[in-house]
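Throughout, a chain's letter reflects where its sequence line sits, starting with A, and its residues are numbered from 1. The basis for the numbers below is simple: all heavy atoms, side chains too, and nothing from hydrogens, waters or symmetry mates. Predicted model, so just to flag it, every value in this text is computed and none were measured.
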Amino acid sequence: MTILRSREIAPVETLKKRFMDNSTSSKPNEPSTPNSSPSRNSHCSVQEPYMGAHMPDSGSLSGSASNLRRSRRIASRLSRSEGSGEVAASGGRHKRKGGSGVNQVCSVEGRCESGSGNAKGRVLGSDSVGEEDEVSEVKEGVEMAERGLGGSEITELGSKEEERKEPSVSLGSDLGSFVERTQRSEDMVTVKQSKGKRKLSFEASPLDDEDKGFLGLRSGKKIVKEIMCGVDRIESDGGKYVVEQERGGEDKGVKVQGHGNGEAAVEELQKDPSANENGSVRGRRRFTGEEKGKGKLVEDDEPQNRIDAVELDLNLELKNVIDNMSADENDAVEGGQRYSREEKGKGILINDDLAPNAVNPVDFNLESEVKNSVDTSVSESIQLEGNVGLQVQNEVIQTSVTGIASRARTRFRDIARRNASRFAHFAPEQEMENHPSREAEIQRPSEGGEKENEDWPGPFSTAMKIIKDREKKQNTQQNSSSDRNRPAHVIWSPRKVKSGECPKPLAPSLQEMCLEVLAQNGDAITSLESIPDALRHKLSQLLCDSRRMNSHILELLVSGSPFEVCVRDCSWLTEEEFARIFKRCDTNSLTVLQLDQCGRCMTDYVLRATFDMLSNGLPALTTVSLKGACRLSDAGLRALVSSAPMHRCYAYSIGSGETRMLEVLSVAGIQTVCDDFIWEFISVHGPTMKELVLTDCSRLTDFSLKAIAETCPELRALDLGNLCKLTDSAFGYLASGCQAMQTLKLRCNSFRFGESMVWVIDALEALLKCDEAIAAFLEISGGSLKELSLNNVSKIGHNTAISLARRSRVDTFGSILVSKLTDGDLGFIVDSCLSLRVLKLFGCTQITNMFVDGHSNPQVEIIGLKLTPILKHLKLTDPQSFPL
Amino acid sequence: MRKEDTVKLISAEGFEFVIDKRAAMVSQTIRNMLTSPGSFAEREHGEVTFPEISTTILEKICQYFYWSLQFASGKDTEFPIEPELTLELMMAANYLHT
């Protein structure tokens, strides 16, 4: 596809012949080629000058994009402009390459990329040629040139977005050149145009060619595919996105910030030579890999909401990638291209109202994973990358479904663009707070402190776009057909066959009935010997719930040599009783001890006294749960721990005790927990930490998340309820660092989502504000989503229904107080999600019997519509049931 | 009742309870025994022995089976459980997956 760049691109000499039709400028960096070069940071010396300056011409990819990619992109763009044919000519090689080649050329021309010997620069030279080929090849019709050029720069106005996105995206994801390419091609056009507009102000002039993310081919494989999937033109929301690549601290997260006219200057974070460049994964996969790791696309276009900082938290990998990249010229080229793509992507993102958050889900972490996925298909990439937006885009691009990919990209970009402003979020004060304390220890993004807005398009933003597009299309259709009313997106008609076919009521099980009888007559029980632990727990649970638990039963539970003692509610237990009962307890085989709500009885003194009496301590203890032990201090906890080699410790309301092999920690409710504490704590326990509960610790910011992500590779479950200061970049961190994440709980958080393996979401009001966001989230994560609960999200609507219906793996869908879901929507969901088992609909008064009787999914259990026993369905925390 | 429709449950003391197959299928354990592929003795002869379950408990369990069938067909009655039996009944029910 030939995208004509409105922006004239300074003649950039594309190394590749392909591109070089018209590229005039010669390779060497020429300051004069403002347009295209900027992307190629390496080459362009102009980069610097570009900082903050708008690219002189259309082609002027903000030189700030030191990334090669950028230059590449520019080059590609230029080339594109010059002759679209170039792209195609480049052959099947990665499109990105082509782009990058172009970029390179461009950069060479005159991109004044920081030219700081970025690998890119090198790459550009050599790669551009190669890149171009690649680029063009990949995309079917995508002009490589476009891509190349577009990548790095923040696609300012939509059109460029694609390109831009690429760079940013590609950072992490190795979507591969394909993605880039596709993006590129599409972006090319846009990029070119945007280039002019986009001011890539690269603060960090060290735009490494390493492409920010796009190029960053970590493993040299794929460069993050910029999500910029050629959404290109479509997205000309004019959003610019500023992709700031944050230095992951590792390599160089150069943050380039584009400012200026609000157009997002995607700065590809340069990942230092290593590919911190975010997004601008120029065609080179490898770059992206690297970049991904490092570059964080951070857009910091503060003044403009639109700019979404996409933070590509490409760590580690990026570094390596970059290193590789530097060595690899080709990579650079690609990177450059990718960069452009990233840039595009990013730019787009920025432009769109994508909140940085939105983009963030795409995690540059992908890069680490992406490394290998050079040419993974889009979908695959998306999964891998986990990077929202950019990466997704990249991936999308990568898929060989060019047409679809480009469309998708476009859509994503569009969506991203559209949502950028909405999602933009910056809280400078927070950054400042944390900044001083952490400065020394952790490399923070140089710019603006913590500000890590990852604006780069990732799978989430991409999905968002798709959904928005869908909606848009529907709207247009609707507008044209007047008789259709708006809400009727989902058409569902209830089953005609009438009830009488309702499933037969199941008789209560004998076991349950017996338990109930036992609970009623607890005092009459004389012994609980030979009763299996599971039944004991159930009994104790029933008793606690009905408040019939007393010391008699506790004694029974504790008698003998129990393996597990679980009492969910010890509020009735006094200190004396506790001491008395446990003194006589044979704890030799006790492995699990749960004494929740023990505030009244559990004090340091009592605990110590009790343990002194125990002959052997607690040799077999592995799990302790002492929730609500508000009177217990560190000393007490230490005593407990010292008498048991504990593996798990739920220490609610307890300060930082000493636990050696701590795997689970909960500091929920402790308001004073701050970033420093978390940082210190996990620096000790991080490697073994499996579960963290940080609910209500409202002082925590993204920084903690970052630290957690970096040091807790085994983290399986994370509860982040009520952490209002977190932004989407937190997700970026998580996605990149916590690969084993299985359960994530969020409440009242303000971010948008990315993906995860299994998500349990409690989306209270502040959470997901729009239907499309949820739908987009579902699109991305739906493959593994098991349970989704959307409490009080008043905007759930048809898009969610559609997305949910397509995610057939959802097991539980809870909608509390969701007033926009209609019978039709629910019927649609229920009939399409064949694996849906439980549907909770508390407070949804608009659901009528038409849905209840008319749906044809026999396995769904609907809870909450009538006055059914509610407690039955509550999920009780069970120490054994944690992801561990 | 024909022989093919019935199952014999034998308690620890040797008491034999002959019940309807449908009733016995309420217990997941018994259902698996009787329907699993392969020729198990239970399936062959239609007899299942429970050496750990006493007679009174097994009798109560059979009563539960029938009550459960009635419940499923609409009759919503109470199933009385004597407290003295409850503990053992619960364990037997746990074993029988009912």
Please flag which part of A:L539 lies under 4.5 Å from any non-hydrogen atom of chain B: side chain, backbone, both or neither. neither
Report the option among A:N521, A:I525, A:L528, A:V517 that has the most heavy-atom pairs separated by less than 4.5 Å from atoms of chain B. A:V517
Less than 4.5 Å apart, any side-chain heavy atom of A:Q511 and any of B:T98? no
Search all heavy atoms of A:I531 against all heavy atoms of B:M91 and return the closest pair with its distance. CA-SD, 3.9 Å
Once rounded to the nearest 0.5 Å, what's the spacing between atom OG of A:S509 and atom CD of B:Q28? 11.5 Å
Nearest 0.5 angstrom please: A:L518 CG to B:L87 CG, how far? 5.0 Å
Out of B:I81, B:L96, B:N94, which one pairs with A:L510 under the side chain to side chain contact (heavy atoms under 4.5 Å, CB included) rule? B:I81
If you take all heavy atoms of B:Y64 and A:A507, which pair is closest and at what distance? OH-O, 4.4 Å
Should we count CD of A:E529 as having more than 12 external heavy atoms under 6.0 Å? no
Does B:F71 reach the side chain of A:P508, with side-chain heavy atoms less than 4.5 Å apart? yes
Roughly how far, to the nearest 0.5 Å, is CE of B:M90 from CD of A:E512? 12.0 Å
Please state whether the side chain, the backbone, both or neither of A:S527 comes within less than 4.5 Å of a heavy atom of chain B. backbone
Got a sec: does the CZ of B:R22 have more than 12 other heavy atoms crowding it under 6.0 Å? no
